[in-house]
Amino acid sequence: MINILFIHQSAELYGSDKTLLVLLSKLDRSKFFPVVILPCDGPLKTALEKGEIKVIIAPVLKLYRKMFSIKNIFLFFKDIKKGISILDELHKEYEFDLVYSNTLAVLLGMIFAKKRRIKHIWHVHEIIVHPKIIAFIFPKILNIYADIVVCNSKATKKNLVDREKNLEAKSIIIHNGIEEVNKVSTRNTKANFGFIQSDIVITLIGRISRLKGHKLVLNTFINHIKDNNVKLLFVGSPVEGQEYYLEEIEKIILDNSLQEKIKIMPFTTNLSPIWNSTDIAVIPSTEAESFGLVAVEAMLSKKPVIGSNHGGLKEVIVDNETGFLVEPNNENELYVALLKLIENQELRNYFGENGYQRAIKEFSADKYVQSFENLLIGILN
C-alpha cells in the first residue's frame, strides 16, 4: 500500500478542485491510501468524505496577495509551525510514501516533504506571468522542492521551462480528465433562467474576474449582437475580496437595460441544467488558461465551444472542428465566431458531436487517473 499525503488550496469545486476530486474518487484504493489536507470546510470536503476519504483541516500555507504585511507574515510563520506539527502527527500514523501538492498556491507540502525527506509531486495548474517576481521565483522553487512537476498542459510546462531550463528533466504533462456524469437532456430548462426555448443561449461558466473575459463578452453582445433571441448566461461567483468585478458587470447590464437578456447566477455544483439550456459555450479568457476544464465539460455536453487562442485551450479546442479559437481580447473575432454559430444550428450540432467524441477519447477520467497511478508507482521505483 502506498500512503499519500494530498495538500490542496481550497474546498470549492472549481477547476483544480474538480480534478483532485476525480483523481481521488477513482484512485485504486487497493494500492493507494490518500489523506487530504484542506484549509477549510466546503463542497470538496463533503464530496471527498462521501467517498470515505480522510480529510483534515489545517493551514496549507496558501499564497495570497495581502499576505506580505507584517501581521500576515507573522501569521504565516505561525501557520508553518502549526501545519508541520499536524502533518508530523499524521506521519507517525501513516508513514507517508509521497507528498502531493495541488496547485502552486500551497507551500506546506514542499516544506514538509523536504524536512522529512519524502518524495514530492507538485501538480501545477497555473500559468503565472505576473507579478513578474512571482513568475521568476516559482520555477526555481519547483526545481529545488519538487521531485516531479506535473503540468496540466504543454502551455503550462512551456511557461515553467522557459523560465527554468532544469525543469525540463523533471516535468511531465498529464492533461486533466473529467468524469462523464450527466447526459444531455432534451428537457426544456431554458425557462428556469427566464428564457424561452427558441432563444440561443450563450453561456460563460467561471469565476467572475478580470481574467475570464466577462466584459469582453458583454461588449461584444452590446455592440454587435442585435438579435432579440440571443441571450447571455454567466455562471460563477467572484473571488473573495474582488466582489467589485461582479458589481461592475451588473452595472453594465443595468445601464444598458439588458436585465431580460443577460442573467447571472452564482457558482453551483450542479451544471446539468445549465448545459441543457446552453447552445454555445464561450471561454474568452483575457490571459492564458493553463488548461480550460470548462471547455471539456461543454464538449461532454455536446456544446460547441469558442475559446481564446492561447494557453491550454489550444490543446482542448480544435479550431473549426469542435468550436472556434479566436484572438484573445478581439471583440470583432469573437463576434464573427458567435455569429457563425448563432445562425447555423447544423454547425452547432456538428461541433458538439465532434467535441463529445474528442472529450471522451482524450480527456476521460479513466485516462487521467491511470496516468497518475503509473506516475505514483513509478516515482517510488
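Keep in mind the model is a prediction, meaning the values are calculated, not measured.
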Salt bridge present between [X] and [Y] (N-O < 4.0 angstrom):
{"X": "Glu353", "Y": "Lys302", "answer": "yes"}
{"X": "Lys231", "Y": "Asp279", "answer": "no"}
{"X": "Glu168", "Y": "Lys157", "answer": "yes"}
{"X": "Lys45", "Y": "Glu49", "answer": "yes"}
{"X": "Glu297", "Y": "Lys303", "answer": "no"}
{"X": "Asp366", "Y": "Lys26", "answer": "yes"}
{"X": "Arg116", "Y": "Asp88", "answer": "yes"}
{"X": "Lys92", "Y": "Glu89", "answer": "yes"}

(message) Per the side chain to side chain donor-acceptor pair (under 3.5 Å) rule, what does the pair list look like for residues 258-267, sequence neighbours excluded?
(response)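 For residues 258-267, and leaving out neighbouring residues, the side chain to side chain donor-acceptor pair (under 3.5 Å) pairs sorted by first residue read Asn228-Lys261.
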(message) For the residue pair Glu95 / Asn3, report whether a side-chain donor-acceptor contact shorter than 3.5 Å exists.
(response)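 No donor-acceptor contact under 3.5 Å links the two side chains.
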(request) Go through the side-chain N and O atoms of Glu164 and Asn166 and say whether any donor and acceptor fall under 3.5 Å apart. (result)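 Side chains of Glu164 and Asn166: pair found under 3.5 Å.
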(request) Not counting sequence neighbours, which residues clear side chain to side chain contact (heavy atoms under 4.5 Å, CB included) with Ile222? List them please. (result)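 So Ile222 forms a side chain to side chain contact (heavy atoms under 4.5 Å, CB included) with Ile252, Asn256, Leu258.
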(request) Kindly state whether the ring of Tyr335 and the ring of Phe221 have centres lying under 6.0 angstrom apart. (result)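 Ring centroids of Tyr335 and Phe221 are no less than 6.0 Å from each other.
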(message) Is the distance between the ring centroids of His214 and Tyr245 under 6.0 Å?
(response)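 Judged by ring-centre distance (under 6.0 Å), Tyr245 and His214 do not meet the cut-off.
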If you look only at distance, which donor and acceptor atoms sit under 3.5 Å apart when one is on a side chain in residues 283-294 and the other is two or more places apart or in another chain?
residue : atom : partner : partner atom : Å
Ser285  : OG   : Glu289  : OE2          : 2.7
Thr286  : OG1  : Arg210  : O            : 3.0
Thr286  : OG1  : Leu211  : O            : 3.3
Glu287  : OE1  : His130  : NE2          : 3.3
Glu287  : OE2  : His130  : NE2          : 3.0
Glu287  : OE2  : Arg210  : NH1          : 3.0
Glu289  : OE1  : Lys212  : NZ           : 3.3
Glu289  : OE2  : Lys212  : NZ           : 2.9
Ser290  : OG   : His125  : O            : 2.4
Ser290  : OG   : Asn152  : ND2          : 3.0

(request) Please say which of Ile84, Ile80, Ile86 ends up in a side-chain contact (heavy atoms from CB on, under 4.5 Å) with Pro59. (result)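 Testing Pro59 for a side-chain contact (heavy atoms from CB on, under 4.5 Å) against Ile84, Ile80, Ile86 leaves exactly one candidate, Ile86.
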(request) Would you sort out whether His175 and Tyr368 count as a ring-ring contact (aromatic ring centres under 6.0 Å, His included), showing the intermediate values? (result) CA-CA 7 Å; His175 281 131; Tyr368 176 67; over 10 Å; no
(message) Between Asn102 and Asp17, is the side-chain contact (heavy atoms from CB on, under 4.5 Å) condition met? List the steps.
(response) CA-CA 9 Å; Asn102 198 41; Asp17 314 297; over 6 Å; no
(request) Can you measure from CD1 (Ile174) to OG1 (Thr19) and round to the nearest 0.5 angstrom? (result)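 Taking CD1 in Ile174 and OG1 in Thr19, the distance rounds to 11.0 Å.
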(request) Going by the ring pair (Phe, Tyr, Trp, His ring centres under 6.0 Å) test, name the single residue among Tyr100, Phe33, Tyr94 that passes it with Phe6. (result)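 Going through Tyr100, Phe33, Tyr94 one by one, the ring pair (Phe, Tyr, Trp, His ring centres under 6.0 Å) with Phe6 is satisfied by Tyr100 alone.
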(request) Give a yes or no on whether Lys82 atom NZ has more than 12 heavy-atom contacts from other residues, nucleotides or ligands under 6.0 Å away. (result)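 Incorrect, the count does not exceed 12.
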(request) I would like to know whether Glu315 and Lys154 meet side-chain contact (heavy atoms from CB on, under 4.5 Å); could you show each step before the answer? (result) CA-CA 8 Å; Glu315 299 165 46; Lys154 295 175 185 176; 3.3 Å; yes
(message) To check you understand the geometry: which heavy-atom pair defines the closest contact between Val22 and Ile178, and what is its length?
(response)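 The pair with the smallest heavy-atom distance is CG2-CA, 4.3 Å.
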(request) Please report the closest heavy-atom contact between Ala146 and Val149, naming both atoms and the distance. (result)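 Minimum heavy-atom contact is CB-CG2, 3.8 Å.
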